[in-house]
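Below is one structure, written out as structure tokens; the observations come after it.
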Amino acid sequence: MARIIGISGSLRQGSFNTALLRAAAEVAPAGVTIEVRTIHGIPLYDADVENGPGIPEAVMKLKDEIASSDGLLLVTPEYNNSIPGVFKNAIDWLSRPDADIARVFRGRSVAIMGASPGRFGTTLSQAAWLPVIRTLGMRPWLDERLLVFEARKAFDQAGKLVDPHTRERMVKFVEGYCAFVASRAG
Ligand SMILES: Cc1cc2nc3c(=O)[nH]c(=O)nc-3n(C[C@H](O)[C@H](O)[C@H](O)COP(=O)(O)O)c2cc1C
């Protein structure tokens with residue numbers, strides 16, 4: 001069984017990105033699971049905390065989950081045409097200390113998807129993740145893109161992905177990424 005850790009980069013209760021991640025987890029094909037995680041509980045990065053009390057418990061837990069997984073799925077909102085600070089902050093914590101980057105990130109399969117109420121569906125925030133992924137030495141899966149635009153129309157009030165065309169694209173994306181992860185998990 002291959003295991004993917006999906007992280008939504010939004011703290012919002014009614015988040016479209018968390019809803020998108022849940023929808024992806026529901027359609028993971030046989031032999032692959034997508035576990036839904038958020039960035040709740042991760043404080044602002046502070047080197048004095050790292051060098052004093054140490055890496056926060058929520059960060060340690062997520063690091064260990066990623067380290068024991070077969071792949072990572074970043075589900076990113078877009079703020080001001082880039083990565084939301086709260087999400088980047090979480091990945092920055094997860095990349096500490098440097099000596100642990102190899103265990104947590106290096107060589108790990110990663111895919112990016114995202115949703116926004118606008119017309120471009122996180123194009124620029126997804127692109128902004130690429131240098132971060134490269135820096136951490138991850139192995140991106142770039143065969144498909146999933147940009148969920150006009151998210152208010154795509155999801156219903158309960159956060160269910162109801163637009164059939166978006167759903168079809170999401171399923172194709174998830175199947176493609178899961179096949180990639182499963183093939184690398186051996
Ligand atoms: C500070 C800020 C900047 C934003 N900038 C963008 C943007 O550049 N592009 C975009 O499509 N949406 C932008 N939005 C709208 C977000 O896409 C929208 O709030 C979305 O619902 C956030 O994702 P979530 O539903 O997962 O919380 C911005 C929202 C905030 C709060």
Side-chain angles (χ1 to χ4, degrees), residues 1-10 15-39 62 65-78 81-84 87-88 90-91 94-95 101-102 104-151 153-155 160-186:
M1 177 68 84
R3 218 173 114 250
I4 294 170
I5 298 295
I7 307 178
S8 166
S10 173
S15 161
F16 294 123
N17 286 280
T18 306
L20 179 61
L21 174 55
R22 282 200 204 100
E26 280 168 16
V27 301
V32 182
T33 58
I34 299 176
E35 296 180 18
V36 175
R37 296 290 179 270
T38 68
I39 55 173
L62 195 49
E65 287 184 322
I66 297 169
S68 65
S69 77
D70 300 294
L72 185 61
L73 178 58
L74 299 177
V75 191
T76 189
E78 179 173 300
N81 288 171
S82 193
I83 303 169
F87 201 6
K88 177 66 163 49
I91 298 295
L94 293 166
S95 71
I101 289 178
V104 179
F105 292 111
R106 196 156 298 143
R108 197 164 311 286
S109 307
V110 63
I112 314 159
M113 63 185 190
S116 98
R119 287 173 49 216
F120 303 104
T122 72
T123 312
L124 291 168
S125 63
Q126 291 197 25
W129 275 109
L130 296 176
V132 179
I133 285 168
R134 181 186 180 136
T135 298
L136 297 174
M138 304 188 78
R139 181 74 73 88
W141 179 75
L142 300 169
D143 292 11
E144 307 267 349
R145 280 211 299 186
L146 186 61
L147 305 161
V148 176
F149 48 88
E150 298 184 339
K153 292 185 197 161
F155 294 92
K160 189 170 160 45
L161 185 53
V162 286
D163 178 66
H165 182 58
T166 309
R167 203 172 172 80
E168 199 178 301
R169 289 191 293 118
M170 182 275 289
V171 169
K172 190 159 177 266
F173 181 93
V174 170
E175 285 177 353
Y177 180 49
C178 287
F180 175 74
V181 170
S183 71
R184 295 192 73 224

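Because the structure is predicted, anything quoted here is derived from the model rather than measured.
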Leu142 vs Leu130, test: side-chain contact (heavy atoms from CB on, under 4.5 Å). Steps then yes/no. CA-CA 10 Å; Leu142 300 169; Leu130 296 176; 4.1 Å; yes
How close do [X] and [Y] get, counting heavy atoms only, and between which atoms?
X	Y	result
Asn17	Ala115	OD1-N, 2.9 Å
Ala128	Ser82	CB-OG, 3.7 Å
Arg145	Thr123	NH1-CG2, 3.8 Å
Leu21	Gly6	CD2-O, 3.4 Å
Val174	Ala24	CG2-CB, 3.6 Å
Phe155	Ala19	CE2-CB, 3.6 Å

Test side-chain contact (heavy atoms from CB on, under 4.5 Å) on Val148 and Met113 and set out the steps. CA-CA 8 Å; Val148 176; Met113 63 185 190; over 6 Å; no
Please report the interatomic distance [atom1]([X]) to [atom2]([Y]), rounded to the nearest 0.5 Å.
X	Y	atom1	atom2	result
Ile34	Tyr177	CD1	OH	8.5 Å
Ser10	Leu20	OG	CG	11.5 Å
Leu62	Ile7	CG	CD1	4.5 Å
Ser8	Phe16	OG	CZ	12.0 Å
Phe149	Thr166	CZ	OG1	6.0 Å
Leu74	Leu72	CG	CG	4.5 Å

In the structure I gave you, are the side-chain heavy atoms of [X] and [Y] within less than 4.5 Å of one another anywhere?
X	Y	value
Thr76	Pro84	yes
Val110	Trp129	no
Ile91	Ile39	no

Between [X] and [Y] (side chain of the first, backbone of the second, donor and acceptor by atom type, cut-off under 3.5 Å), is there such a pair?
X	Y	result
Thr122	Ser125	no
Asp70	Val181	no
Arg169	Leu147	yes
Gln126	Leu146	yes

Show, in sequence, the C-alpha distance, side-chain angles and deciding distance for Val75 and Ile112, and conclude whether the side-chain contact (heavy atoms from CB on, under 4.5 Å) test is met. CA-CA 6 Å; Val75 191; Ile112 314 159; over 6 Å; no
Are Lys153 and Glu150 close enough for a salt bridge, meaning some N to O gap below 4.0 Å?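 Salt bridge present between Lys153 and Glu150.
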Step-by-step side-chain contact (heavy atoms from CB on, under 4.5 Å) determination, Val104 to Ser95: CA-CA 8 Å; Val104 179; Ser95 71; over 6 Å; no
Pairs meeting criterion side chain to side chain donor-acceptor pair (under 3.5 Å) with involvement of residues 104-113, two or more places apart: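 As it turns out, the side chain to side chain donor-acceptor pair (under 3.5 Å) pairs with a partner in residues 104-113, which skip direct neighbours, are Ser109-Arg184.
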Tell me which pairs pass side chain to side chain donor-acceptor pair (under 3.5 Å) where either residue lies in residues 24-37, with sequence neighbours left out.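 Passing the test, one end in residues 24-37: Arg3-Glu35, Glu35-Arg37, Arg37-Glu65.
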Parallel, tilted or perpendicular: which one describes the rings of Trp141 and Phe180, with boundaries at 30° and 60°?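 The rings of Trp141 and Phe180 sit tilted, inter-plane angle from 30° to 60°.
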